[in-house]
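For reference, the structure is listed below as structure tokens.
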Amino acid sequence: MNKTVISLGGSIFSSDFSYLKNFIDIMKEKETYAIVVGGGKIARERITLLREMGASEYHLDKMGIQATRLNALTVSLALGNAMDIPISIDKALETLEIYGKVVMGGTEPGHTTDAVSLLLAEAYGSKRVVNVTDVDYIYDKNPKLEGAKKFTELTYEEVLNMLNEKSRGAGENFPMDVLSINIARRSKIEIDIVSFKDKENLKSAIEGKKFLGTIIHS
Ligand code: UTP
């Protein structure tokens with residue numbers, strides 16, 4: 001049985017939904033899957049608005065979680081499913097047990113859906129998480145800058161070092177966070193970073209075939 005977990009970045013809901021439709025096309029063929037969906041623009045917009053209005057960070061996370069669940073329900077319905085969106089890893093495991101498939105968003109405040117995808121992978125016994133995102137590789141600096149170098153392979157330690165440097169620097173977008181990498185490291189779960197922009201390449205990554213992107217492993 002294919003036990004890969006997919007972490008679907010909320011950025012796939014931007015633009016005209018053509019990338020989302022491509023993803024749905026790929027996944028509709030599968031009988032089993034585990035997909036964790038991010039909050040994207042709707043999460044960011046509401047969080048920014050409510051932060052300005054003085055809501056606590058805890059409550060902003062709760063807002064973000066609702067956005068991830070809205071996106072998860074969208075993906076689930078697009079895939080033709082009728083089951084509820086589980087609100088915890090334990091419930092997700094139950095859903096997997098019953099249906100062989102699950103689509104979920106966030107769980108509790110304090111982390112991201114990437115961390116949820118790694119925790120689900122641990123609990124479900126999967127050794128690979130495919131992180132579907134809007135960047136094609138991890139780069140050593142902002143890919144828009146001249147001379148930016150892309151990585152096809154990185155160790156957990158190398159990514160953690162990069163994340164440390166980033167937190168001191170510009171805070172630019174990076175497709176993984178420290179907690180997620182630490183969970184991956186403790187259970188030796190490979191993380192494959194792939195862009196949603198090239199349908200065939202995305203399909204290859206999801207199916208565990210050779211793909212263009214960054215592999216994070218031991
Ligand atoms: P995301 O997982 O989409 O956050 O959840 P992100 O990594 O910041 O977004 P991208 O990948 O850059 O688009 C959206 C927000 O929901 C809350 C957090 O506030 C997060 O920033 N959240 C999500 C939680 O608090 N717990 C969860 O389990 C999931």
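Because the structure is predicted, anything quoted here is derived from the model rather than measured. For ligands, and for the atoms within them, numbers begin at 1 and follow the listed sequence.
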**OP:** Please step through side-chain hydrogen bond (donor to acceptor under 3.5 Å, both in side chains) for the pair Asp192 and Asn131, ending with a clear verdict.
**Re:** CA-CA 6 Å; Asp192 296 343; Asn131 188 276; over 6 Å; no
Subject >> Per atom 24 (C) of ligand 1, closest listed option by heavy atom (His111, Met176, His59) >> reply: His111
Original post:
Any idea which of Val37, Ile47, Asp61 brings a heavy atom closest to atom 17 (C) of ligand 1?
Top reply: Asp61
Original post:
In Å, rounded to the nearest 0.5 Å, how long is the span from CG of Leu212 to CG of Leu202?
Top reply: 12.0 Å
Original post:
Are any of the heavy atoms in Pro109 under 4.0 Å away from ligand 1?
Top reply: yes
**OP:** Run the contact test for Ser11 against ligand 1 with a 4.0 Å cut-off on heavy atoms, strictly below, and give the result.
**Re:** no
At less than 4.0 angstrom from any non-hydrogen atom of [X], what atoms of ligand 1 do you find?
X	answer
Val116	28 (O)
Gly39	1 (P), 3 (O)
Thr68	5 (O)
Gly110	25 (O)
Thr107	27 (C), 28 (O)
Gly38	3 (O)
Gly106	27 (C), 28 (O), 29 (C)
Thr112	2 (O), 7 (O), 29 (C)

Subject >> Residue pairs involving residues 102-112 (criterion side chain to side chain donor-acceptor pair (under 3.5 Å); sequence neighbours excluded) >> reply: Thr107-His111, Thr112-Asp177
[Y] and [X], any side-chain heavy atoms less than 4.5 Å apart:
X	Y	result
Lys149	Tyr139	no
Thr95	Asp84	no
Ile206	Met27	yes

Original post:
Is Thr113 close to ligand 1, meaning an N/O of one under 3.5 Å from an N/O of the other?
Top reply: yes
Original post:
By side chain to side chain contact (heavy atoms under 4.5 Å, CB included), which residues pair with Lys188, not counting sequence neighbours?
Top reply: Ser218
Original post:
Would you call Asp136 and Lys150 a salt bridge, taking side-chain N to carboxylate O under 4.0 Å as the test?
Top reply: no
Original post:
For the side chain of Ser187 and the backbone of Ala184, is there at least one donor-acceptor N/O pair under 3.5 Å apart?
Top reply: no
